[in-house]
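Quick note on labels: first sequence line is chain A, next is B, and so on, each numbered from 1.
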Amino acid sequence: MVSQKALPRKFYEQRPLVVTKKLLGKNIVRRVEGGVMIARIVETEAYIGPRDKASHAYDNRKTKRTLVQWSKRGCAYVFKIYGRNHCFCVVIGRRHVPAVALIRAVEPLQGLELMAKNRHVRSTVNLTNGPSKLAQALRITSELNATDLCRRGDLFIAEGEEPIGRIVSSARIGIDYAREYRSVPWRFCVPDSIFVSKRQ
DNA sequence: CGACCGATCCTC
DNA sequence: AGGATCGGTCGT
């Protein structure tokens, strides 16, 4: 039986890289009409503004899109990318310091049928093995931007099983333009998960 | 107001 | 390897 108690604010108030790493193994709980979906986080990345050139909040770019990055830790930052895809992040920066953890991959635990319906794919691994794939599977869109994940609502994160083995860290994916921040090891994943992006 | 482009995914 | 697809962002 998996816990459905939201992680406390205190969890998100640790140092950004600590939170990003500790999110591995935690469970995303998503309630929609038709049921509950639960998925275990297996891959994350940290974006730590304002100096991080890969971050949307680089150089303190505070816009309508990025504003949530300055809100309370433990809130959701959901953005749309390439016109059709969404990505799901968690705010983890101290007050006045924008920072988020991007959820890059999860393992489905409950509600696989719902996820498959949302994704229109057959294979289980293809359900949630990428940031926009999991957002689509869990039906996470811009409407959920700024959701407080510390409340037990339609979207929150709960305690899960500790990852077994050593956490792998590496450079982040898809941010080659970020100059000297291109190679910082701010990507974390559990070892041996088939849902983790190829490339480590 | 126009131009550019992306923390991706899918198909070829 | 290339196209989809559109709102955010920035320069004029």
Side-chain angles (χ1 to χ4, degrees), chain A residues 12 16-17 19-21 23-24 28 39 41-71 73 75-93 97-108 115-147 149 155 157 168-190 193-200:
Chain A
Y12 300 100
L17 289 177
V19 178
T20 305
K21 195 170 172 176
L23 276 169
L24 298 175
I28 298 174
I41 299 171
V42 293
E43 181 181 354
T44 58
E45 284 177 355
Y47 290 84
I48 307 177
R51 292 206 297 272
D52 180 2
K53 289 180 177 148
S55 170
H56 292 164
Y58 170 64
D59 201 23
N60 279 312
R61 282 184 304 204
K62 195 186 280 188
T63 64
K64 185 162 53 169
R65 177 176 66 151
T66 63
L67 191 60
V68 179
Q69 293 207 22
W70 277 264
S71 66
R73 282 172 279 190
C75 287
Y77 172 55
V78 181
F79 63 92
K80 201 177 189 184
I81 189 75
Y82 292 101
R84 48 165 54 175
N85 304 313
H86 293 271
C87 291
F88 171 44
C89 306
V90 184
V91 175
I92 56 173
V97 183
V100 298
L102 168 69
I103 312 299
R104 280 200 61 91
V106 299
E107 292 181 355
M115 297 184 205
K117 203 172 168 188
N118 294 335
R119 285 270 301 142
H120 317 107
V121 296
R122 295 164 197 248
S123 86
T124 301
V125 64
N126 208 29
L127 233 37
T128 56
N129 64 343
S132 294
K133 295 182 189 179
L134 72 90
Q136 187 183 23
L138 298 175
R139 219 181 290 172
I140 296 175
T141 64
S142 306
E143 295 172 12
L144 290 171
N145 189 38
T147 298
L149 303 170
L155 174 65
I157 301 178
V168 179
S169 67
S170 68
R172 294 169 295 175
I173 291 175
I175 49 116
D176 286 350
Y177 57 84
R179 319 271 311 236
E180 71 269 29
Y181 281 86
R182 194 177 92 157
S183 53
V184 294
W186 290 355
R187 169 173 176 258
F188 303 95
C189 50
V190 305
S193 171
I194 59 169
F195 291 87
V196 167
S197 315
K198 306 301 171 208
R199 220 177 117 178
Q200 14 182 47

Trainee: On a heavy-atom basis, which atom in A:Val91 and which in A:Val100 lie closest, and how many Å separate them?
Mentor: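 Closest approach of A:Val91 to A:Val100: CA-CG1, 4.1 Å.
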
Trainee: Nearest-Å distance, CD1 (A:Ile103) to P (B:dT8)?
Mentor: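 Computing the A:Ile103:CD1 to B:dT8:P distance gives 14 Å.
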
Trainee: I need the minimum non-hydrogen distance between A:Val68 and A:Ala76, along with the two atoms involved.
Mentor: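 Heavy atoms only, the tightest pair is CG1-O, 3.3 Å.
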
Trainee: Say we look at B:dG2 and C:dT5: how far apart would their P atoms be, to the nearest angstrom?
Mentor: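 Going atom to atom, P in each nucleotide, I get 22 Å.
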
Trainee: Does a donor on one side chain sit under 3.5 Å from an acceptor on the other, for A:Thr66 and A:Arg61?
Mentor: no

Trainee: Check whether any side-chain nitrogen or oxygen of A:Arg104 sits under 4.0 Å from OP1 or OP2 of B:dT8, and answer yes or no.
Mentor: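 Yes, within the criterion.
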
Trainee: Please name all residues satisfying side-chain hydrogen bond (donor to acceptor under 3.5 Å, both in side chains) with A:Glu107, sequence neighbours left out, ordered by chain then number.
Mentor: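 Checked A:Glu107 against side-chain hydrogen bond (donor to acceptor under 3.5 Å, both in side chains); matches are A:Ser193.
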
Trainee: Can you check the A:Arg119 CZ to B:dT8 P distance for me, whole Å?
Mentor: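 Result: 14 Å.
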
Trainee: Heavy atoms, side chains only, cut-off 4.5 Å: are A:Asn85 and A:Lys80 in contact?
Mentor: no

Trainee: Send over the distance from A:Gln136 CD to B:dC9 C1', rounded to a whole Å.
Mentor: 9 Å

Trainee: Base, sugar-phosphate or nothing for A:Leu102? Non-hydrogen atoms, less than 4.0 Å.
Mentor: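 The answer is base, as A:Leu102 lies within the cut-off (heavy atoms under 4.0 Å) of a base atom.
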
Trainee: Any idea which of C:dT5, B:dC10, B:dA7 is nearest the A:Ile175 side chain?
Mentor: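 For the A:Ile175 side chain, the nearest candidate turns out to be B:dA7.
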
Trainee: Which nucleotide in the set C:dT5, B:dC10, B:dT8 lies at the smallest distance from any side-chain heavy atom of A:Ile81?
Mentor: B:dT8

Trainee: Classify A:Gln69 by what it touches in the nucleic acid, base, sugar-phosphate, or nothing, heavy-atom distance under 4.0 Å.
Mentor: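 Base: the residue A:Gln69, judged by heavy atoms under 4.0 Å, touches a nucleobase.
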
Trainee: Whole angstroms only, please: what is the CG-C1' distance between A:Leu134 and B:dA7?
Mentor: 12 Å

Trainee: Given atom CG of A:Leu127 and atom P of B:dC10, what is their separation to the nearest angstrom?
Mentor: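 It is 11 Å, rounded to the nearest whole Å.
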
Trainee: Measuring from atom SG of A:Cys75 to atom CG of A:Leu144, what distance do you get when rounded to the nearest 0.5 angstrom?
Mentor: 12.0 Å

Trainee: Nearest heavy-atom pair of A:Asn145 and A:Val78: which atoms, and what distance?
Mentor: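 So the minimum-distance heavy-atom pair works out to OD1-N, 3.0 Å.
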
Trainee: A:Ile140 has an atom CD1; how far is it from atom C1' of B:dC9, in whole Å?
Mentor: 17 Å

Trainee: Name all stems that contain residues of DNA chain B, defined as runs of 3 or more consecutive Watson-Crick or G-U wobble pairs, both distances under 3.5 Å.
Mentor: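 Result, WC/G-U stems under 3.5 Å: B:1-6 with C:6-11, B:8-11 with C:1-4.
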
Trainee: What's the shortest heavy-atom distance between A:Ala105 and A:Phe195, and which atoms?
Mentor: CB-O, 3.3 Å

Trainee: Separation of A:Arg84 atom CZ from B:dT8 atom P, in whole Å?
Mentor: 15 Å

Trainee: Do the charged groups of A:Arg179 and A:Asp52 touch, with an N to O distance under 4.0 Å?
Mentor: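 The answer is no: the pair does not qualify as a salt bridge.
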
Trainee: Rounded to whole angstroms, how far apart are CG on A:Asn129 and P on B:dT8?
Mentor: 13 Å

Trainee: Which atoms of nucleotides 7-11 of chain C (N or O only) lie under 3.5 Å from a protein N or O atom, and what are those distances?
Mentor:
unit_1, atom_1, unit_2, atom_2, d
C:dG8, O3', A:Arg65, NE, 3.3
C:dT9, OP1, A:Thr63, OG1, 2.4
C:dT9, OP1, A:Arg65, NE, 3.1
C:dT9, OP2, A:Thr63, OG1, 2.5

Trainee: Ring stacking, A:Phe79 with base of B:dA7, under 5.5 Å and under 30°?
Mentor: no

Trainee: Looking at A:Tyr77, I'd like to know if the NZ or CZ of A:Arg65 sits under 6.0 Å from its six-membered ring centre while staying within 45 degrees of the ring's axis.
Mentor: no

